[in-house]
Amino acid sequence: MAEETGAHELAAAPSQPAPRLHLVTDRRLCGERPLVDVVAEAARGGLGAVQLREKDLSGGPLLAEALALKRVLGATLLVVNERADVAAAAGAAGVHLPGDGLPVDVARRLLGPDALIGRSAHSVAEAQAAEQAGADYVILGTIFATASKPGREPAGLALVEATAQAVRLPVIAIGGIDEQNVAAVIGAGAWGVAVMSAILRAPAPAVAAERLQAIVGRETAWR
Amino acid sequence: MFRKRDQPQTYHCSFCGKSQQDVRRMVAGPGAVYICDECIALCGQIVREEESGQPTVTARPALSLGVYVVTDERLASGRPLTDIVRAALRGGANAIQLRAKEAPARAQLALGRELRALTQEAGALFIVNDRADLAVALDADGVHVGEDDLPPELARRIVGPRRIVGCSTSSVESALAAQQAGADYLGVGSIYPTTTKADAGDAVGTAMIAAIKARVDLPIVGIGGIHAGNAASVIAAGADGVAVVSAVIAAADPEAATRELQTIVTSARQGQNDG
């Protein structure tokens with residue numbers, strides 16, 4: 001069935017620019033509240049994309065969660081972490097691939113030329129490899145110390161600067177980003193940011209998302 | 001997906017379910033019926049082969065599931081899984097299922113490519129557990145979904161019409177639902193108590209095979225705690241094959257273990273036909 005591999009030779013450029021504010025989910029950070037409620041509020045506040053990342057869920061429950069999120073997302077795009085099959089089944093906008101996940105071309109073949117395909121990167125070289133492979137954006141981390149990835153040495157803004165200069169694809173910074181430091185991250189050259197705790201743990205997720213979105217919008221307006 | 005604003009409507013091929021973004025051409029028929037270029041090509045091939053008097057291609061590989069070996073790295077005692085699978089294929093395994101749920105996609109792809117090559121060489125089926133995306137990436141013969149995985153009809157949309165979709169089931173109701181959803185075969189279990197799968201549930205016994213066989217017209221493999229000592233009863237109850245994990249993967253001599261199972265299954269099927 002090798003002929004299937006050539007089906008998307010005429011891949012078009014993504015029809016929309018990559019989202020700038022990403023919320024990466026972890027339902028354990030939501031306390032007592034269902035993830036879908038927190039995401040719905042955050043989306044109302046303003047989000048570019050939600051990445052459903054619940055690594056312990058198998059395909060069925062993950063698909064159910066994806067469909068539940070899709071119903072509350074409005075214009076916010078849904079991206080599924082790792083599983084291109086669940087992304088396709090849910091009709092998500094795309095898939096986000098961890099470093100040890102599927103190759104970009106495999107995900108592209110499954111999801112089509114217009115799908116939004118992200119790749120995780122932890123160095124300039126990994127971001128360059130993602131660009132070569134045809135990813136639409138990279139999520140670059142870990143920038144600041146974070147409780148979500150304990151024990152990981154933060155790379156700091158220098159990694160954002162070096163990567164943004166080395167690649168043309170949008171660099172989305174992740175790791176300990178909040179209202180206080182987001183302007184500096186954008187100032188270092190990031191296209192956008194991805195957050196977990198800053199929204200999922202916020203007492204008012206809509207307000208947290210709105211504030212982050214406002215800062216990102218202000219800091220990127222001149223570009 | 002991520003579509004342009006001037007393409008609000010997505011059309012799906014009525015034959016394989018792919019959307020117009022996934023194929024080169026989509027032809028509309030009367031009403032809401034569509035066919036994609038890939039299905040047109042497949043239909044053309046079938047018609048041509050019929051006209052030329054050659055055997056008709058079937059949409060999917062023939063299902064020969066006699067001894068169906070499911071991989072599990074944890075049972076390999078440090079031996080490379082590829083060596084065990086190679087031995088099982090020499091012993092006459094009909095199908096190999098890649099099951100490595102805990103491994104990252106890259107690692108599953110690396111192992112899967114080797115298993116794909118080995119099964120192809122041996123003329124055995126290669127099935128990927130749970131991940132329909134990996135099944136397509138590896139050009140596997142099919143995907144096997146459990147009751148907690150993607151629903152079979154959605155797995156089918158991802159793997160296309162020519163690949164096998166197998167479903168785990170432990171009741172007549174779920175077997176009927178799987179058949180309705182387009183499953184190609186059923187894995188019925190756990191037949192006997194097993195320690196391989198923590199979430200396997202209580203053993204249903206060989207009676208469940210007979211109960212499902214009476215209501216569902218699909219090939220059945222029994223799974224769960226099956227070994228050379230009880231495989232014949234599984235076939236006698238109406239199964240077409242036996243799926244095994246530890247009986248082959250943990251065996252000191254996987255080739256001999258597979259061969260013994262194959263002999264038992266073959267003669268039990270003979271008995272099934274005679275009876």
Side-chain angles (χ1 to χ4, degrees), chain A residues 1-16 18-19 49 55-64 66-67 77-80 82-95 97-103 105-117 136, chain B residues 1-7 10 12 16-25 36-38 41-42 61 101-110 128-141 143 145-163 199:
Chain A
M1 297 177 199
E3 69 271 20
E4 284 177 14
T5 60
H8 301 295
E9 284 157 1
L10 303 175
S15 47
Q16 300 174 44
K55 294 209 159 206
D56 60 318
L57 291 186
S58 48
L62 189 65
L63 174 65
L67 293 171
L77 300 176
L78 175 66
V79 174
V80 177
E82 165 89 35
R83 293 203 48 162
D85 52 356
V86 174
V95 65
L97 305 169
D100 58 5
L102 291 173
D105 62 333
V106 169
R108 181 75 70 197
R109 175 147 58 98
L110 282 158
L111 295 173
D114 288 344
L116 188 62
I117 298 179
D136 295 312
Chain B
M1 338 219 141
F2 207 56
R3 67 178 77 92
K4 296 172 180 106
R5 287 206 175 96
D6 56 356
Q7 294 182 330
T10 300
H12 292 276
C16 69
K18 284 188 184 164
S19 75
Q20 87 252 38
Q21 281 97 353
D22 299 333
V23 298
R24 288 197 186 86
R25 296 290 297 273
C36 71
D37 59 319
E38 293 171 20
L42 180 64
K101 275 189 187 281
E102 308 302 319
R106 282 290 169 108
Q108 293 197 46
L109 276 176
V128 174
N129 182 273
D130 176 30
R131 298 230 6 201
D133 47 3
L134 293 176
V136 175
L138 290 165
D139 197 15
D141 296 303
V143 64
V145 291
E147 288 174 297
D148 213 20
D149 297 333
L150 280 183
E153 62 274 21
L154 292 175
R156 162 75 63 213
R157 269 174 62 175
I158 290 154
V159 300
R162 287 185 289 180
R163 276 184 250 272
D199 59 348

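Note: hydrogens, waters and symmetry copies are ignored here, and every other heavy atom, side chains too, is used. If you're wondering where the values come from, they're calculated on a predicted model, not measured in any experiment. Chain letters run A, B, ... following the sequence lines, proteins first and then strands; every chain starts at 1.
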Is B:R157 salt-bridged to A:D85, cutoff N-O under 4.0 Å?
no
Take B:D133 and A:R109 through the test side chain to side chain contact (heavy atoms under 4.5 Å, CB included) and record every step on the way to the result.
CA-CA 10 Å; B:D133 47 3; A:R109 175 147 58 98; over 6 Å; no
Looking at chain B, which one of A:A107, A:A84, A:A89, A:G101 has the largest number of heavy-atom pairs inside 4.5 Å, strictly under?
A:G101
So if I apply the side chain to side chain contact (heavy atoms under 4.5 Å, CB included) rule between B:I158 and each of A:L110, A:V86, A:L111, which one comes out positive?
A:L110
What I'd like to find out is whether the side chain of B:L134 reaches to under 4.5 Å of the side chain of A:L102, using heavy atoms alone.
yes
Which residue out of B:A137, B:A135, B:A105 racks up the most heavy-atom pairs below 4.5 Å with chain A?
B:A105
With side chains defined as the heavy atoms from C-beta onward, is the minimum distance between B:R106 and A:L97 less than 4.5 Å?
no
Please classify the contact of A:P98 with chain B as side chain, backbone, both or neither, using a heavy-atom distance under 4.5 Å.
neither
Which atoms of B:L150 approach chain A - backbone, side chain, both or neither, heavy atom under 4.5 Å
both
Taking A:S58 for the side chain and B:D148 for the main chain, is one N or O donor matched with an acceptor at less than 3.5 Å?
yes
Region of A:L63 in contact with chain B, defined by heavy-atom distances below 4.5 Å
side chain
